[in-house]
> 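First the structure, then my questions, so here it is.
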2 protein chains.
Amino acid sequence: MKTDDSVNRCDFERIAGGKIVSAQGGGFDDCPVRAVIANIGGKWISLIMLALADGPQRFGALRRMLPDISQRMLTQTLRDLQRDGYVHREVFPTKPPSVEYSLTDLGRSMYGPLRDLVLWAERNHGAVVAARARFDTAEG
Amino acid sequence: MKTDDSVNRCDFERIAGGKIVSAQGGGFDDCPVRAVIANIGGKWISLIMLALADGPQRFGALRRMLPDISQRMLTQTLRDLQRDGYVHREVFPTKPPSVEYSLTDLGRSMYGPLRDLVLWAERNHGAVVAARARFDTAEG
DNA sequence: CGGCATCCGTTGCGATACTG
DNA sequence: CAGTATCGCAACGGATGCCG
């Protein structure tokens, strides 16, 4: 009866049961949670996903959307997203060259849950900041 | 008018519109997306949230659930989660002392979206790994 | 049992300068 | 316009050892 499909994962047999199957080799790529979430956690990944959610964007446009990103990180982050199959990169051999980035189907499908998390973040940002302040002052 | 509740956020006025309001000071805590997602991205945060989702756990129990976490990171990550108001820490002055960690209401509320993302990760982990392999071999 | 301190390697990320 | 290359610092994260 368990709706156990909701809590099975990773090294965990049934995570809430407190049982671990193994800490086998690999141990990182083998774990979906880590392999995927670790990337999303990057400083810029989520913002870029959001920026691309509405449609393709050129490199320069993205750069303008993320005012305080360095061009190094924009390039690198887009690379990572492309590598993981979230983003498609298309080069137009114009003169000067232009490159367009867009979400793949995979990217769009992960954008759903990501957006929900982002919306949660917006709604509860205040609560988190408050909790943080409370904690910090309590510590002195 | 706008269905703007879906894409308004952060420094962005309307993110997909390509318009940025400002890159004002603060620039990090001010941005819900970064302030919240950045933490979730930590190597262990998501796993610990999952571990606590079913109910309170003691320090040692959590440690056993996460086989390859160092005790340093477990302590530190729990601290961060507590600071942000996701986790409640209760000390029982037994002998020897025991400490119990549990999700707060805020923690449970963020667990929802987080779990969806985790489920997505499980389901699409294969696709991501495949895309990654494809990309890497293409690069040679 | 639970947790802090220290040391130390690794990675993330920014600044700057150069290329097709 | 859209990158790549190099540098350097700071944060992350693991190992070990001491303490209530």
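Order of the sequence lines sets the chain letters (A, B, ...), proteins ahead of strands, with each chain counted from 1.
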> Answer whether the closest heavy-atom distance between the side chains of A/Met73 and A/Gln76 falls below 4.5 Å.
yes

> Please list, chain by chain and in numerical order, all residues satisfying salt bridge (charged side-chain N to carboxylate O under 4.0 Å, His left out) with A/Asp116, sequence neighbours excluded.
none

> Considering residues at least two apart in sequence or located in another chain, which fulfil the salt bridge (charged side-chain N to carboxylate O under 4.0 Å, His left out) criterion with A/Arg108?
A/Asp105

> Identify whether any heavy atom of B/Phe92 sits under 4.0 Å from a base atom; if not, whether one sits that close to sugar-phosphate; answer base, sugar-phosphate or nothing.
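No contact.
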
> Using 4.0 Å as the upper bound for N to carboxylate O, is an ion pair formed by A/Lys43 and A/Asp68?
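Salt bridge flag = no for A/Lys43 with A/Asp68.
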
> Among residues at least two apart in sequence or on other chains, which ones pass side-chain contact (heavy atoms from CB on, under 4.5 Å) with A/Pro56?
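Expected list: A/Glu100, A/Ser102.
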
> Report the distance from atom CE of A/Met49 to atom OG1 of A/Thr77, rounding to the nearest 0.5 Å.
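That separation rounds to 12.5 Å.
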
> Take A/Pro96 and B/Arg58, find for each the nucleotide of DNA chain C with the closest heavy atom, and name the residue whose nucleotide sits nearer the 5' end.
B/Arg58

> At under 4.0 Å between heavy atoms, how does the protein contact nucleotides 9-20 of chain D? Give one character per nucleotide, 5' to 3', with B, S or -.
----BBB-B---

> On DNA chain C, which is the earliest and which the latest nucleotide, 5' to 3', with an atom closer than 4.0 Å to a heavy atom of chain B?
C/dC1 to C/dT6

> More 5' along DNA chain C: B/Thr75 or A/Thr77, using each one's nearest nucleotide?
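Nearest-nucleotide comparison on DNA chain C picks B/Thr75.
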
> If a pair means Watson-Crick or G-U wobble with both distances below 3.5 Å, what does DNA chain D look like in dot-bracket form, with | marking bases paired to a different strand?
|||||||||||||||||||.

> Quick check on D/dT4: is either OP1 or OP2 less than 4.0 Å from any side-chain nitrogen or oxygen of A/Arg79?
yes

> How would you list, by chain and number, every residue that makes a side-chain contact (heavy atoms from CB on, under 4.5 Å) with B/Ile37, sequence neighbours excluded?
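B/Ile37 satisfies side-chain contact (heavy atoms from CB on, under 4.5 Å) with A/Ile40, A/Ser46, A/Leu117, A/Val118, B/Val33 once adjacent residues are dropped.
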
> Please collect all salt bridge (Lys or Arg N to Asp or Glu O under 4.0 Å) contacts where either partner lies in residues 70-86 of chain B, sequence neighbours excluded, each pair once.
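Residue pairs with at least one partner in residues 70-86 of chain B: A/Arg132-B/Asp84, A/Asp136-B/Arg83.
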
> Show me, pair by pair, the donor-acceptor contacts under 3.5 angstrom made by side chains of residues 85-93 of chain A, not counting sequence neighbours?
| from | atom 1 | to | atom 2 | distance (Å) |
| --- | --- | --- | --- | --- |
| A/Arg89 | NE | A/Tyr101 | OH | 3.3 |

> What residues, two or more places apart in sequence or in another chain, satisfy side chain to side chain donor-acceptor pair (under 3.5 Å) together with A/Ser109?
B/Trp120

